[in-house]
Amino acid sequence: MSQTKPIRPDSQIITVQQHIVQQQEAHSPDSRGTFSWLLSGITLATKMIQSRIRRAGLVDGALGAEGATNVQGEQQQKLDVFANNALIHCLGGRDAVSVLVSEENEEPVTFDRAPGTGKYVVVFDPLDGSSNIDVNVNVGTIFSIYRSPKPADGHKPSLDEEVLQSGLKQVAAGYVVYGSSTMFVYTAGFGVYGFTLDPAVGAYVLSHDNMKMPQQGQYYSTNEANQRSFPPHYGTYLDELRDGKLGKAYSSRYIGSLVADFHRTLLKGGVFLYPPTKSHASGKLRLMYEANPIAFITEQAGGVATDGRNRILEIQPTDIHQRTPLVLGSRTEMEAFERARLAAGA
Ligand code: AHM
Ligand code: MG
């Protein structure tokens, strides 16, 4: 007689929601409910964004430029605006959020919350890699979460004190890469975890446990068209990689979406560089919603992230939209970069 096996869900499946709650139980039981509710606002918004991206070529009016420019003077794409609205809508409805800072908004978005709520500041780049949107190449969302400083002597912190916190103060950071699959990668300071969106279930499911960046990789990633305007030691360093001075013949990979270029660097190792250039003397990438969250993840995965000289996480921001050079990657490549910088006296 044949026996019918009971149908039951795979007990190994861990969703991002479960994982966040488990991490909070283990590390900060006080904030567990609030924090996971807040993060669920981000995962919900990114599911809305990914669904729009997946259908962008089919939906009338989803692709192309919006017609406006953002605070960076860059043309906003329709999907930039959609992604920004989705995040503001999903996070603005959660009373744990006191302030939102977005690449697409010149000023922070503030909320008048009841006392005892509004504990967190969320900073984000809603859709990173705008130049890749219309051509079906990977883009991403990047976010960073800070605690609002507690009132001192009964005085509420100023808006600047709330938002201009160094990367060291991040409570959590992460990104979603809209690639061949949609992946959510985050850290709350206890390792880096990656979740793949299962489209059939509509949930992010743990697929990359405790991610570590390899000690050395075989790719460098930079916009080589700008190399003549990099400070000279960047060129010397790239030549060392090309010439096999680190024991490997390096290959080049550059997508032009930070999230995608970083995601590869996290998984495969190597080095990513966006140095100062002639047109962007302070670098192009933004400290608060690009460099800081990515640097937090890099360090949590065992890598190194600097502005070419100093640790990214230690930079005190003076403006929510400030730019920074960014050099990050595996330890071996980052040590070689530092040697090249010191040898050049830069
Ligand atoms: P964006 O936020 O307007 O999309 O710009 C940031 C992007 C990054 O994703 C990427 O690393 C960089 O700009 C690419 O710049 P470039 O085209 O100068 O190489
Ligand atoms: Mg960006």
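Sequential numbering from 1 along the given sequence is applied to the chain's residues. These numbers come from a predicted model, not from an experiment. Counting starts at 1 for both ligands and their atoms, in listed order.
Residue nearest to atom 9 (O) of ligand 1, selected from I133, L127, L258: L258 (by heavy-atom distance). Counting heavy atoms only, K284 comes closest to atom 12 (C) of ligand 1 of the residues E104, E224, K284, Q77.
Here is the list of ligand 1 atoms found below 4.0 Å of a heavy atom in R286: 1 (P), 2 (O), 3 (O), 5 (O), 6 (C). Distances below 4.0 Å separate heavy atoms of Y254 from the following atoms of ligand 1: 14 (C), 15 (O), 16 (P), 19 (O). Within the listing of ligand 1, atoms 15 (O), 16 (P), 18 (O), 19 (O) sit less than 4.0 angstrom from a heavy atom of Y274. For ligand 1, the atoms lying closer than 4.0 Å to a non-hydrogen atom of N223 are 16 (P), 18 (O), 19 (O). Annotation for ligand 1: atoms under 4.0 Å from non-hydrogen atoms of E103 are 2 (O), 3 (O). Less than 4.0 angstrom separates some heavy atom of E290 from each of these atoms of ligand 1: 2 (O), 6 (C). Each of the atoms 9 (O) of ligand 1 lies under 4.0 Å from some heavy atom of S257. Atom numbering of ligand 1 starts at 1 in the shown order; those under 4.0 Å from a heavy atom of S130 are 3 (O), 4 (O).
Note: Y186 and H19 have perpendicular aromatic rings, judged against thresholds of 30 and 60 degrees for the angle between ring planes.
Taking 4.0 Å as the cut-off, H280 does not count as a neighbour of ligand 1 on heavy-atom distance. Under the 4.0 angstrom criterion for non-hydrogen atoms, S131 is not in contact with ligand 1.
Considering backbone and side-chain atoms together, F272 places no N or O closer than 3.5 Å to any N or O of ligand 1.
Checked for salt-bridge contact, E299 and R311 meet the test: a charged N lies under 4.0 Å from a carboxylate O.
Residue contacts with ligand 1 for D125 involve side-chain atoms from C-beta outward but no N, CA, C or O (heavy atoms, distance under 4.0 Å).
In the displayed structure, H89 atom NE2 is contacted under 6.0 Å by at most 12 heavy atoms of other residues, nucleotides or ligands. Atom CG of N210 has more than 12 heavy atoms from other residues, nucleotides or ligands within 6.0 Å.
In summary, the aromatic rings of F337 and Y234 are positioned with their centroids under 6.0 Å apart. When ring centroids are compared, Y204 and F184 come within the 6.0 Å threshold.
In this structure, CG in D125 is found 7.0 Å from CD in E104, a value given to the nearest 0.5 Å.
A single hydrophobic cluster is not seen to contain both L273 and I294; linkage of ILVMFWY side chains at heavy-atom distances under 4.5 Å, directly or through other members, places them apart.
In terms of the salt bridge (charged side-chain N to carboxylate O under 4.0 Å, His left out) criterion, R113 has no residue partners (sequence neighbours excluded).
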